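Following: one structure in structure tokens, then a few remarks.
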Amino acid sequence: MSPARAAERAELASRYDPSGLEGALYEAWKEAGAFHAHVDALEDPYVIVIPPPNVTAELHMGHGLNNTIQDVLIRWRRMQGLGALYLPGTDHAGIATQNVVERHLAAEGETRFDLGRDAFVERVWEWVRKYEKRILHQLEVIGCSCDWERTRFTLDEGLSRAVREVFVRLYEKGLVYRGRYIINWCPRCRTALSNEEAEHREHAGKLYHIRYPLADDSGRFLEVATTRPETMLGDTGLAVHPDDERYAEFVGQEAILPLVGRTLPIVADVYVDPEFGSGVVKVTPAHDPNDFEIGQRHDLETVDAMTDAAEMSEVVPQAYRGLDRFDARARVLVDLERENLLVRVEDHPHSVGHCYRCDTVVEPRLSLQWFVKMQPLAEPALAAYREGKLRFHPERYGRVYANWMENIRDWCISRQLWWGHRIPVWYCKADECGEMIVARDDPEVCPACGGPIEQDTDVLDTWFSSWLWPFSTLGWPDQTEELARFYPGDTLVTADEILFFWVARMVMAGYEFMDDVPFTDVLLNGTVRDHLGRRMSKSLGNGIDPMEVVERYGADAMRFTLIRGAPLGTDLHLNHEDLDKAFRPGRNFANKIWNAARFALPRLEGVDVTEDMTFSDELADRWIRSRLRRTETAVTEALEGFRLHEVAELCHGFVWGEFCDWYLELVKARLEGAGGEESRRGAAHTLAHVMLAWLELLHPIMPFITDAIASRVPGAPDSFSIVNGPWPDSHADWEDPEAEEAMGELQELIGAVRALRAEYGVDQRAEIVARVRAHTNRLEDVLATEVDNVRRLAGVESIEALEGAAEDEPGAHAVLRSGTELFVPLRGVIDLDREGERIRREVERVSDLLARTRAKLANEGFLANAPKEVLDREKDKERSLAEQHDRLEEKYRALRSGT
RNA sequence: GGGCGAAUAGCUCAGCCUGGUUUAGAGCGCCUGCCUUACAAGCAGGAGGUCGGGGGUUCGAAUCCCUCUUCGCCCACCA
């Protein structure tokens with residue numbers, strides 16, 4: 001036995017201590033190679049790729065939730081016997097990682113420019129090498145059963161080759177192009193961003209009305225409205241709607257740009273909305289996407305009034321040069337005011353884009369960038385959804401996905417960063433040549449003229465490697481065995497916020513390069529928020545560290561809490577100020593399981609889980625087996641429907657509310673020998689089987705404690721583990737409605753007795769007993785076996801004696817406490833009568849309706865004249881009413897005969 | 001401007017698609033009583049709900065339809 005295994009199999013401590021068993025158990029799993037997906041295995045594969053976390057990040061609760069969901073599905077499928085692959089890895093996270101390292105440099109008083117490109121990139125690699133193990137280890141701590149032999153990194157050699165291959169192929173197909181367009185620019189990160197990377201938020205802005213003098217010396221003005229007056233320094237025209245009669249006479253004339261003095265042509269363009277503002281738009285082609293297009297249509301100049309840091313550039317008048325854009329705005333307004341050109345200012349809420357990495361207000365900026373033409377890629381990805389090859393859970397996200405695909409825009413993929421995949425394009429430096437080389441392998445010299453060449457300085461958007469993840473991790477572009485076996489994958493689990501960034505693009509890449517969907521089901525988990533509904537974030541300081549939670553409550557408790565608390569697509573609220581409030585129920589449940597095992601395991605004498613077991617017919621045994629069977633079915637169905645919170649709920653209810661509360665209490669006496677050896681063996685066998693089965697059911701959610709207990713079941717060999725299944729599937733004929741009904745009555749009776757006792761108090765015992773006696777016969781019928789057991793144990797013949805014995809007889813006391821009390825419920829009888837009355841009235845009502853419906857259906861006139869739908873509806877109604885009637889009657893009869 | 005979602009116990013949420021086995025549930029919190037040989041991280045009980053308002057469909061509505069109110073979220077180039 002391995003040392004890890006030995007430690008893990010140490011005696012059951014008196015208290016549940018997750019920290020003592022989880023780490024050792026995970027090591028044992030790894031040693032046994034339990035999570036490796038063999039490429040030549042025979043079973044059908046089941047594949048989930050991890051959404052690769054940022055290589056230098058630490059695990060937060062969002063990961064905790066997301067990765068736990070993945071692990072639950074993987075562990076379940078693995079137990080079912082599928083070749084489950086949970087593929088782990090990390091993302092180089094271009095901007096995010098570069099920002100982190102830059103911040104550290106700044107603390108040392110340096111910038112990346114001081115270091116230079118090569119030294120800076122080396123610095124980032126150092127950082128990455130230092131931290132890459134951390135987040136992967138944290139995944140182990142929370143129990144993720146990843147195939148660590150297949151760990152990948154988006155910037156490793158193989159994936160970099162895939163990125164380059166994709167770029168070149170798309171370029172050759174004409175789907176990658178370079179062009180000068182307005183893109184979103186982050187002046188702090190000093191890079192272009194994609195549309196998705198600019199987050200738009202409502203902003204309490206102003207609308208400034210400014211007068212532009214006409215150039216004809218008439219002294220007349222045109223009034224324009226703008227939210228960003230500083231951009232007027234880059235104006236190169238004015239525009240009005242072609243049908244706007246108010247301004248028809250000005251089209252073709254010119255105006256003078258205040259503060260600058262440039263003459264601005266006045267053009268007519270349909271883009272202009274005559275209803276908005278004054279109906280005149282200032283055109284700033286270098287700073288607004290719409291203005292850019294107007295400029296193109298009317299051949300207007302472009303004047304780039306800002307630098308890459310969003311400071312006013314050399315082309316603006318001296319007074320504004322070098323000013324930050326917001327300072328420039330203030331200055332422009334002051335100057336306009338002074339010249340009496342500012343007509344008025346009104347409140348105007350509008351949305352402003354922010355950098356998704358640093359939250360700086362993005363600047364629409366004209367620049368030369370690389371783009372991917374998306375329309376052709378979107379078509380098969382959209383068709384896959386429409387044809388049902390790609391399903392979303394919850395379904396509504398499918399419509400969001402389709403909507404995005406239908407309105408797809410080209411993807412700006414170049415980033416002016418240093419950390420990432422360098423764009424595989426070279427430019428010839430020879431004066432007359434101008435050759436551009438796009439190549440899979442680095443060229444040495446210009447193939448056209450043999451002159452010196454220079455590589456494009458930009459890197460690719462981080463998502464340009466992420467979108468290849470489902471196949472680049474399997475060796476693509478090589479046609480590897482892994483690729484053949486594990487692509488396409490099955491289920492993708494991620495947060496809704498990266499639906500467009502990642503999920504949609506992966507589908508597109510899947511079709512473009514593998515000619516198939518990368519996965520068939522997409523699960524979107526919600527966001528983890530605090531108790532006030534705020535997203536957890538470092539800056540708010542409301543995050544919960546999963547490592548701290550694991551340390552205090554155990555990984556099982558955390559996983560259970562997350563799974564139970566977050567149905568798909570709904571946000572999870574956790575109180576960061578009071579971890580106990582959030583995680584105690586999970587920990588308590590684990591503790592309950594632990595204690596049930598502490599009780600049960602030593603009482604399983606003679607049981608050998610490796611051999612067939614014999615099961616008795618005693619009520620309690622039949623009942624718990626029936627309940628187990630139903631729970632198994634329900635849990636499996638819930639897993640198939642991705643309703644994991646339901647799985648948690650079902651297991652919790654069964655284990656605590658049925659197995660512990662009732663079954664264990666009912667068989668205590670028998671396990672001590674009160675019913676004889678045969679009864680003891682019967683109880684032990686059912687107990688062992690049922691407990692092992694629910695440990696298995698719960699294993700995907702709470703892997704540690706369940707496997708730890710299962711391996712201690714009598715007869716289990718050293719290597720025994722439930723990690724590889726089987727998935728519990730008891731005999732279908734264990735479903736036993738009779739036993740469940742009888743047990744239901746027992747529970748009802750006991751409940752009623754308890755209520756009675758509470759009401760009368762112990763002093764009125766004689767009164768209770770007298771009333772109870774009158775109904776003893778019924779109880780005997782229903783619970784003959786249990787009655788005998790209890791009598792044997794308590795050594796009493798009458799109920800009265802039992803009551804009396806309770807005081808001084810420990811055995812009897814235990815029985816009373818345990819819930820096998822033998823009182824016929826007076827209140828129960830009364831309640832049953834009341835119930836009977838209710839049902840009788842219901843029966844009358846239903847039969848009345850049934851009679852009327854039947855009369856209608858017997859009416860020839862109705863049959864002849866009624867439209868088909870009406871007729872069908874009536875027939876339907878008749879059928880359902882008849883069924884209902886029978887059900888009620890039977891229930892009523894059963895009640896009557898029982899009373 | 002489009003699209004989507006939510007509103008059920010003091011709090012966080014299930015249940016709704018496929019109407020009737022639910023007397024509308026769970027966990028937490030609250031109240032009462034218990035250290036009872038697996039478990040006080042527990043056990044036994046209890047209080048607390050006009051299922052957001054209104055209307056409709058139906059024999060029957062938390063569940064289906066319409067509408068209103070209040071909160072969220074996503075997308076979008078109206079300066």
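In what follows, chains are A, B, ... by sequence order, proteins preceding strands, each numbered from 1. All values reported here derive from a predicted model rather than from experimental measurement.
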Nearest whole Å is fine: how far is [N] [atom2] from [X] [atom1]?
X       : N      : atom1 : atom2 : result
D410(A) : C77(B) : CG    : P     : 13 Å
I563(A) : A14(B) : CD1   : C1'   : 15 Å
L579(A) : C28(B) : CG    : P     : 17 Å
H200(A) : A76(B) : NE2   : P     : 6 Å
F276(A) : C78(B) : CZ    : P     : 10 Å
H348(A) : C78(B) : NE2   : P     : 9 Å
E497(A) : C74(B) : CD    : P     : 9 Å
E646(A) : A14(B) : CD    : P     : 12 Å

From the list [options], which nucleotide is the closest neighbour of the side chain of [X]?
X       : options                : answer
V272(A) : C28(B), A38(B), A79(B) : A79(B)
R584(A) : C43(B), C28(B), C78(B) : C28(B)
H350(A) : G27(B), A38(B), A79(B) : A79(B)
K668(A) : C28(B), C78(B), A38(B) : A38(B)
F500(A) : A79(B), A38(B), C74(B) : C74(B)
N591(A) : A38(B), A41(B), C43(B) : A41(B)
H573(A) : A38(B), A79(B), C13(B) : C13(B)
W656(A) : C43(B), A79(B), A38(B) : C43(B)

* To do: Residues of residues 391-409 of chain A with any non-hydrogen atom less than 4.0 angstrom from an atom of RNA chain B: list those, numerically ordered, please.
  =>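 When residues 391-409 of chain A is checked for heavy atoms under 4.0 Å from RNA chain B, the hits, listed by number, are R396(A), R399(A), R409(A).
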Base, sugar-phosphate or nothing for [X]? Non-hydrogen atoms, less than 4.0 Å.
X       : result
R228(A) : nothing
R603(A) : sugar-phosphate
P585(A) : sugar-phosphate
H241(A) : nothing
H645(A) : sugar-phosphate

Quote, to the nearest angstrom, the [atom1] distance that separates [N] from [M].
N      : M      : atom1 : answer
C78(B) : C11(B) : P     : 38 Å
C51(B) : G10(B) : P     : 13 Å
U57(B) : G48(B) : C1'   : 33 Å
G56(B) : G15(B) : P     : 28 Å
A79(B) : U18(B) : P     : 42 Å
U8(B)  : U22(B) : C1'   : 14 Å
G45(B) : G27(B) : P     : 13 Å
U50(B) : G1(B)  : P     : 36 Å

* **Pair E197(A), Y356(A): side-chain N/O donor-acceptor within cut-off below 3.5 Å** =>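 Y356(A) and E197(A) do have a side-chain donor-acceptor pair below 3.5 Å.
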Any strand: nucleotide that pairs with [N] via Watson-Crick or wobble, under 3.5 Å:
N      : result
C4(B)  : G72(B)
U37(B) : none
U23(B) : none

* Asked: So which of R211(A), K282(A), R344(A), R246(A) actually passes salt bridge (charged side-chain N to carboxylate O under 4.0 Å, His left out) with E223(A)?
  ->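 When R211(A), K282(A), R344(A), R246(A) are each tested with E223(A), the salt bridge (charged side-chain N to carboxylate O under 4.0 Å, His left out) holds only for R344(A).
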With no hydrogens and no angle check, is any side-chain donor or acceptor of [X] less than 3.5 Å from a backbone partner on [Y]?
X       : Y       : value
H354(A) : V352(A) : yes
T631(A) : F654(A) : no
D571(A) : T527(A) : yes

* First encountered from the 5' end of RNA chain B, between E275(A) and A198(A) ->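 Going by which nucleotide is closer to the 5' end, it is A198(A).
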* To do: Using the closest heavy atom to pick a nucleotide of RNA chain B for each, name whichever of K282(A) or P18(A) lands nearer the 5' end.
  =>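 The residue closer to the strand's 5' end, by nearest nucleotide, is P18(A).
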* Cation-aromatic face contact K592(A)/F659(A), 6.0 Å, 45 degrees ->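 K592(A) over F659(A) ring: no.
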Any side-chain N or O of [X] less than 4.0 Å from the OP1 or OP2 oxygen of [N]?
X       : N      : answer
K592(A) : A40(B) : no
W662(A) : C43(B) : no
N588(A) : C39(B) : no

* Step through the shown structure and confirm whether more than 12 heavy atoms of other residues, nucleotides or ligands are within 6.0 Å of CD on E640(A). =>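 Enclosed: over 12 neighbouring heavy atoms sit under 6.0 Å from CD of E640(A).
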* To do: Could you give me the CA-CA distance, side-chain angles and deciding distance for Y181(A) and D410(A), then say whether side chain to side chain donor-acceptor pair (under 3.5 Å) is met?
  => CA-CA 11 Å; Y181(A) 296 95; D410(A) 285 357; over 6 Å; no
* For F392(A), the option from Y401(A), Y397(A), F642(A) that meets ring pair (Phe, Tyr, Trp, His ring centres under 6.0 Å) ->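 Only match with F392(A) under ring pair (Phe, Tyr, Trp, His ring centres under 6.0 Å): Y401(A).
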* To do: Dump the intermediate steps for side-chain contact (heavy atoms from CB on, under 4.5 Å) on T494(A) and L524(A), then the final yes or no.
  => CA-CA 5 Å; T494(A) 192; L524(A) 283 310; 3.9 Å; yes
